[in-house]
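Step one of this worksheet: look at the structure below.
For the numbers below, each heavy atom of this structure counts, side chains included, while hydrogens, waters and symmetry mates do not. Letters A, B, ... mirror the listed sequences (proteins, then strands); counts begin at 1. Here the structure is a predicted model, which is why all the values come from computation and not from measurement.
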4 protein chains.
Amino acid sequence: MKKTTPDTEIKNKIYNVARKLFVEKGYHRASIPDLVRASGVSIGAIYHHFPSKEELARTIHEDAVNLFLNKYDCYVRPRQSGREKVRYFVKMMFEWADTDLITVNYLLHARPPEVLNCNFTICTAEGLEAVKEIISCGQACGEFKPVNPILLAAMVSGPIMRMIELKTDGVITEPLSNLIDETAELIFSALRA
Amino acid sequence: MKKTTPDTEIKNKIYNVARKLFVEKGYHRASIPDLVRASGVSIGAIYHHFPSKEELARTIHEDAVNLFLNKYDCYVRPRQSGREKVRYFVKMMFEWADTDLITVNYLLHARPPEVLNCNFTICTAEGLEAVKEIISCGQACGEFKPVNPILLAAMVSGPIMRMIELKTDGVITEPLSNLIDETAELIFSALRA
Amino acid sequence: MKKTTPDTEIKNKIYNVARKLFVEKGYHRASIPDLVRASGVSIGAIYHHFPSKEELARTIHEDAVNLFLNKYDCYVRPRQSGREKVRYFVKMMFEWADTDLITVNYLLHARPPEVLNCNFTICTAEGLEAVKEIISCGQACGEFKPVNPILLAAMVSGPIMRMIELKTDGVITEPLSNLIDETAELIFSALRA
Amino acid sequence: MKKTTPDTEIKNKIYNVARKLFVEKGYHRASIPDLVRASGVSIGAIYHHFPSKEELARTIHEDAVNLFLNKYDCYVRPRQSGREKVRYFVKMMFEWADTDLITVNYLLHARPPEVLNCNFTICTAEGLEAVKEIISCGQACGEFKPVNPILLAAMVSGPIMRMIELKTDGVITEPLSNLIDETAELIFSALRA
DNA sequence: CATGAATGAGCATTCATTCAT
DNA sequence: CATGAATGAATGCTCATTCAT
């Protein structure tokens with residue numbers, strides 16, 4: 001994994017505050033002056049560490065994607081059955097959301113297409129690939145229904161994303177990790193052949 | 001249903017172009033000059049018909065919400081079983097998305113909370129109520145699993161939203177209406193007791 | 001006296017509301033939309049009766065000037081002595097201010113130079129002439145001090161304007177007409193030889 | 001005295017040009033682009049140094065008020081008799097007007113009430129207090145007539161303001177300082193018991 | 001006569017970015 | 001490395017005015 005994450009203290013400050021603001025207010029409403037205010041760092045310092053606001057956003061985004069892919073490799077890929085992969089995918093996302101809702105929301109909602117030229121959410125590009133891999137594994141061994149795989153992918157990612165949104169919006173108040181098994185089971189009961 | 005939709009030709013032009021741009025570029029990136037360019041209407045005309053950009057967005061948003069609620073009342077509420085309600089909800093959303101993807105996406109993604117003071121997506125506020133109504137109906141008669149209703153709600157709305165996103169992103173190319181039965185069945189198999 | 005004052009009901013409405021707003025908010029802050037709001041008259045009607053906002057202001061201003069000159073001719077000019085002229089000038093202004101503070105303030109403060117190309121306050125142009133006439137009359141017959149007439153003019157107009165300002169600002173609450181004799185006497189005691 | 005006056009060169013430039021334009025054209029007609037044109041400073045620089053046009057005006061205004069109050073404390077307050085106070089007040093204002101007509105006119109005419117929330121001219125608020133102090137001192141020791149003090153105040157401030165206006169309008173061409181004694185004497189002859 | 005939709009120049013302000021210190 | 005003064009394009013919006021009805 002390419003390490004893009006900042007290492008000096010001040011760079012870290014900028015990075016973290018930026019991620020928070022981008023999620024809270026959206027990329028366009030989070031201005032450099034906002035960032036300066038919220039971080040206590042100078043304009044100059046921001047432009048010293050990042051070539052532009054857009055590049056700062058891209059860095060944050062790519063780090064989140066890489067984190068996602070890493071987590072996926074660790075948590076999900078090693079599982080043998082489709083059912084287990086689904087369970088661990090839910091577990092991975094819910095625990096991550098409990099730990100760092102900001103990053104997860106960035107991944108889900110920062111709507112990079114508006115900002116960057118890439119178009120990534122968990123179910124698009126690399127994200128979509130991950131979920132499709134779960135599906136094709138489950139379908140290959142006859143564990144999942146032999147229907148349109150895109151549809152099954154939506155059955156996996158859709159509820160997970162919704163749950164995280166509902167957590168973010170305060171509709172769900174308990175930790176998502178309490179709901180891992182129930183959610184995974186429900187999703188699995190839709191997929192199972 | 002309160003009719004907020006514009007009636008003069010030019011007001012309509014502004015309204016439609018605005019909705020399109022707000023979805024395509026997001027509220028903040030869709031500037032008034034953009035709107036002027038895209039619609040051929042003058043700045044003054046926009047402000048003659050709508051008191052502000054924000055109010056224009058709010059009008060569009062409320063119209064979409066009202067449309068959703070109306071459709072829900074017509075399509076979904078009259079169905080007797082939970083299964084039928086789910087099927088007609090999927091049908092309603094997929095056919096709507098095929099007919100007017102812009103409005104549906106506005107509803108799903110325009111993220112009005114950034115802009116407006118309301119916070120509505122199909123699964124929040126009125127939208128959430130609609131889906132919860134489906135769930136509680138299905139649970140009341142023992143048709144659906146007696147688990148956390150929020151979770152079941154996410155199992156309904158999540159996949160639908162995902163499918164519409166995938167259609168928007170071009171991952172799905174066929175009309176969503178081709179996938180109504182399959183999707184509804186899949187969702188139902190997750191919910192069923 | 002050239003009669004510029006409007007005669008139709010609607011023209012009158014525009015005229016009176018405009019004068020009020022020009023004094024209250026100043027010419028530049030009193031917008032045509034404000035005028036429409038405050039008068040209930042349509043934009044079109046305003047432009048039907050007056051060629052432009054500036055011309056409307058000029059009309060109002062010239063009427064006020066003409067009114068001033070007429071009043072001067074009636075009240076002040078016929079007086080024989082400087083003392084009487086001063087007394088009647090004070091009387092004229094104070095009674096006018098009690099009756100129609102708006103017009104008087106327009107005359108004093110609308111600062112037409114900002115707006116129009118004329119530069120008139122009671123003590124400039126025609127206004128100045130009036131006061132200078134009082135002074136030269138009083139000086140000619142040895143009633144007033146033989147000092148710089150401009151200075152004496154300032155001694156007449158300055159206190160009168162100040163009193164009207166203080167009335168407008170609410171510092172003086174009683175009718176100015178109660179103060180006519182006292183004021184005139186005070187001014188006269190400064191001028192008298 | 002709180003020092004609000006700017007200290008960097010560019011801030012000074014903005015400040016001085018703004019004061020000049022506000023007096024010449026009035027607050028509302030003096031636009032930021034005008035300011036940019038007249039000062040050679042960029043828009044950004046203006047907003048870097050002052051949070052808004054209104055705050056810029058308020059700063060200028062408050063500085064002028066403070067300057068007035070300081071001058072009053074130095075020149076007028078130490079005088080013992082009412083006559084001397086009047087003389088020094090005239091002297092202070094006339095010399096100030098000769099030196100910096102712009103600031104004095106700002107104080108007299110910028111009509112901040114339209115803009116700001118304070119309502120200060122020499123004879124209102126702090127200004128009025130200053131003149132009233134002169135009056136009450138003179139009345140206390142029987143030097144001035146025992147009439148309505150507001151009236152006496154108008155006899156002091158009115159002619160002074162008129163003279164400065166006449167100087168500004170070009171009616172008076174010689175330095176006002178030539179007229180100090182004559183003016184003070186005239187005013188005093190009105191006040192004296 | 002009267003209306004009000006339409007126009008577009010102009011305004012106050014924000015913001016990403018540069019660069020001299 | 002770090003600062004923050006300076007820039008000016010771009011934005012949302014207001015307003016005097018025109019003109020078809």
Side-chain angles (χ1 to χ4, degrees), chain A residues 8-11 14 27-37 40-57, chain B residues 8-11 13-14 27-37 39-57, chain C residues 8-11 13-14 27-37 40-57, chain D residues 8-11 13-14 27-36 39-57:
Chain A
T8 74
E9 177 148 4
I10 194 165
K11 192 168 184 182
I14 296 165
Y27 175 79
H28 290 101
R29 295 250 295 219
S31 69
I32 295 290
D34 284 343
L35 231 162
V36 167
R37 237 123 43 205
V41 155
S42 73
I43 297 180
I46 294 171
Y47 280 89
H48 181 74
H49 287 291
F50 298 94
S52 70
K53 188 187 173 189
E54 191 170 330
E55 207 53 49
L56 170 55
Chain B
T8 74
E9 179 149 1
I10 194 163
K11 192 169 184 179
K13 186 88 187 162
I14 295 165
Y27 175 79
H28 290 103
R29 290 256 295 228
S31 70
I32 296 290
D34 285 345
L35 234 162
V36 167
R37 240 123 41 203
S39 67
V41 152
S42 74
I43 297 178
I46 295 171
Y47 281 91
H48 182 74
H49 288 290
F50 299 93
S52 68
K53 187 186 171 189
E54 190 170 332
E55 207 54 48
L56 171 54
Chain C
T8 75
E9 178 149 3
I10 194 164
K11 191 168 183 180
K13 186 90 188 159
I14 296 165
Y27 174 79
H28 290 103
R29 293 253 294 224
S31 69
I32 296 289
D34 283 344
L35 230 162
V36 167
R37 240 129 34 209
V41 156
S42 73
I43 296 179
I46 294 170
Y47 279 89
H48 181 75
H49 288 291
F50 299 93
S52 70
K53 188 187 172 188
E54 191 170 330
E55 207 53 48
L56 170 55
Chain D
T8 74
E9 179 150 2
I10 194 162
K11 191 168 183 181
K13 187 88 185 161
I14 295 165
Y27 176 79
H28 291 103
R29 289 256 296 228
S31 71
I32 295 291
D34 285 344
L35 234 163
V36 167
S39 68
V41 152
S42 73
I43 296 177
I46 294 172
Y47 281 90
H48 182 73
H49 289 289
F50 300 93
S52 68
K53 186 186 173 189
E54 190 170 331
E55 207 54 49
L56 171 54

*Got a sec, which residues hit side chain to side chain donor-acceptor pair (under 3.5 Å) with B:Ser31, two or more places apart in sequence or on another chain?*
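Partners of B:Ser31 under the side chain to side chain donor-acceptor pair (under 3.5 Å) test: B:Asp34.
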*Could I get the full list of side-chain contact (heavy atoms from CB on, under 4.5 Å) partners for D:Pro51, not counting sequence neighbours?*
D:Glu55
*asked:* Which residues pass the side-chain contact (heavy atoms from CB on, under 4.5 Å) test with A:Val41, not counting sequence neighbours?
replied: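 Per chain and number, A:Val41 pairs via side-chain contact (heavy atoms from CB on, under 4.5 Å) with A:Ile10, A:Lys13, A:Ile14, A:Ser39, A:Ala45, A:Ile46.
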In whole angstrom, what separates [X]'s [atom1] from [N]'s [atom2]?
X       : N      : atom1 : atom2 : result
B:His48 : E:dG4  : NE2   : P     : 9 Å
B:Leu35 : F:dC13 : CG    : P     : 11 Å
B:Ile10 : E:dG4  : CD1   : P     : 17 Å
B:Ile46 : F:dT11 : CD1   : P     : 12 Å
A:Phe50 : F:dC1  : CZ    : C1'   : 15 Å

*asked:* Applying a 3.5 angstrom cut-off to the pairing atoms, does DNA chain E sit in any stems of at least three consecutive Watson-Crick or G-U pairs? List them by first number.
replied: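 The stems that DNA chain E takes part in, listed by first number, are E:2-21 with F:2-21.
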_I'd like to compare against my own output: the B/S/- annotation of nucleotides 14-21 of chain F with a strict under-4.0 Å heavy-atom distance to protein._
BSSBB---
*Can any side-chain N or O of B:Lys53 pair as donor or acceptor with the backbone N or O of B:Tyr27 at less than 3.5 Å?*
yes
*Mapping B:Val41 and C:His49 to their closest nucleotides on DNA chain E, which lands nearer the 5' end?*
C:His49
*Which value, rounded to the nearest 0.5 Å, describes the distance between A:Lys11 atom NZ and A:His49 atom NE2?*
7.0 Å
